[in-house]
Amino acid sequence: MEDTPQKTVSTPQSATALPIQDTIDELKQLYPVARYDLDFTTPLDLLVAAQLAAQCTDKRVNSVTKDLFQKYRRAEDYVAVPMEELAEDVRNTGFYRKKAKQIQAACQYLLLVHQGEVPQTMEELVKVPGVARKTANVILGSAFGIVDGIIIDTHVGRLAQRFGWTQQSDPVKIEQELMRQLPREEWLSLAHRIIYHGRAVCMARNPHCEQCTLAQQCPSSSLHVTQ
DNA sequence: CTCCCGATAT
DNA sequence: ATATCAGGAG
């Protein structure tokens, strides 16, 4: 009886999950254009941008890569400079030493195994240092037009849980569950739209349920607080 | 699980 | 002040 009303929406309050097809339709109306917001021209650009995007907004990544991609055009260029120099060039994306090392390790690997090219399969991509399934899905989908999985980043994971689509927290398990529930032609665009919604409305700390058009159906919405 | 790490929102 | 940000490795 001394139940303090749940402020957090990290856990669904009702048992009914938000129907996936309804959500897809609603998100299509909300965000007609679904695309990735990282700037790039080559697959290598996107690989580097995606690695820089760890714990960093796309906006800041783009501000860094604007100059970066003019200075470094091929895998050879990234390994030709001292790590400290590359670290300085990516500094304000955070984690800059680790990212510099990771980018050089990735380029070293690409030169050794793939003649400096970015491979076009999930199997090969996840062998590249610093590339796991999330980054691989981004590269495959946006650079090569290949859809082999679903991008599970912090937004997709969080919203999938709030929508009641999954109880899992491991991104690989969330991806498997969503792949089972969604037609393949929706995989790429839905992830992009969920990311838009996660950034603009259903934010990690302060979800704006009152301005969310999915709130009525959403099991985690703070609007239908069950006394 | 921890670490990497600066910029920004709250 | 501090939580969070289009993660991944050890």
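Predicted, not measured: the structure shown is a model, and the values here were computed from it. In the text below, chain A, chain B and the rest are named by the order of the sequence lines, each starting its count at 1. Scope of the values below: all heavy atoms of this structure, side chains included, with no hydrogens, waters or symmetry mates.
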From [atom1] of [X] over to [atom2] of [N], roughly how many Å is that when rounded to an integer?
X	N	atom1	atom2	result
Lys98(A)	dG6(B)	NZ	P	14 Å
Ile152(A)	dA6(C)	CD1	C1'	12 Å
Leu125(A)	dG7(C)	CG	P	18 Å
Arg199(A)	dA3(C)	CZ	P	23 Å
Leu47(A)	dA6(C)	CG	C1'	14 Å
Met83(A)	dC4(B)	CE	P	13 Å
Asp45(A)	dA6(C)	CG	C1'	17 Å
Gln55(A)	dC3(B)	CD	P	15 Å

Next item on the list: Tell me which of His155(A) and Pro129(A) sits closer to the 5' end of DNA chain C, going by the nucleotide each one is nearest to.
Entry: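 Mapping each residue to its closest nucleotide by heavy atoms, the 5'-most match is His155(A).
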Notebook entry, point to check: Between Tyr78(A) and Tyr72(A), how do the two ring planes meet: parallel, tilted or perpendicular, split at 30° and 60°?
Noted result: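 The arrangement is parallel - the two ring planes meet at less than 30°.
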Next item on the list: Fit a plane to each ring of Tyr196(A) and Tyr31(A), take the angle between them on a 0 to 90° scale, and name the class: parallel (under 30°), tilted (30 to 60°) or perpendicular (over 60°).
Entry: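 Correct class here is parallel.
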Using the [atom1] atom in both, what is the distance from [N] to [M], to the nearest Å?
N	M	atom1	result
dG8(C)	dT8(B)	C1'	23 Å
dT4(C)	dT2(B)	P	15 Å
dC3(B)	dA3(C)	P	16 Å
dC5(B)	dG10(C)	P	14 Å

Of the nucleotides [options], which one has an atom closest to the side chain of [X]?
X	options	value
Arg60(A)	dC5(C), dA9(C), dC4(B)	dC5(C)
Asn92(A)	dG7(C), dA7(B), dA6(C)	dA7(B)
Ala204(A)	dC5(B), dG7(C), dC5(C)	dC5(C)
Arg158(A)	dG7(C), dA6(C), dC5(C)	dC5(C)
Thr57(A)	dC5(C), dC5(B), dA7(B)	dC5(C)
Arg205(A)	dA6(C), dT10(B), dC5(C)	dT10(B)

Check: Side chains of Leu68(A) and Leu86(A): does their closest heavy-atom pair fall under 4.5 Å?
Finding: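 Counting from C-beta outward, Leu68(A) and Leu86(A) do come under 4.5 Å.
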Sugar-phosphate only, base, or nothing, as touched by [X] at under 4.0 Å among non-hydrogen atoms:
X	result
Asp37(A)	base
Thr135(A)	sugar-phosphate
Gln102(A)	sugar-phosphate
Val156(A)	nothing

Margin query: When you compare the ring of Phe95(A) with the six-membered ring of dC4(B)'s base, are the centres less than 5.5 Å apart and the planes under 30° from each other?
Written below: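 Stacking is present between dC4(B) and Phe95(A), given that their ring centres fall under 5.5 Å apart and the planes under 30°.
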Checklist line | Sidechain N-carboxylate O distance under 4.0 Å for Glu177(A), Arg180(A) | finding: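 Result for this pair is no, no salt bridge flagged.
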Note to self: Quick check on Lys71(A): does its NZ atom have over 12 non-hydrogen neighbours (other residues, nucleotides or ligands) under 6.0 Å away?
What the structure shows: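 Atom NZ in Lys71(A) is packed in, count exceeds 12.
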Next item on the list: State whether a side-chain donor-acceptor pair under 3.5 Å links Asp25(A) with Gln29(A).
Entry: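 The criterion, which ignores hydrogens and geometry beyond distance, is not satisfied for Gln29(A) and Asp25(A).
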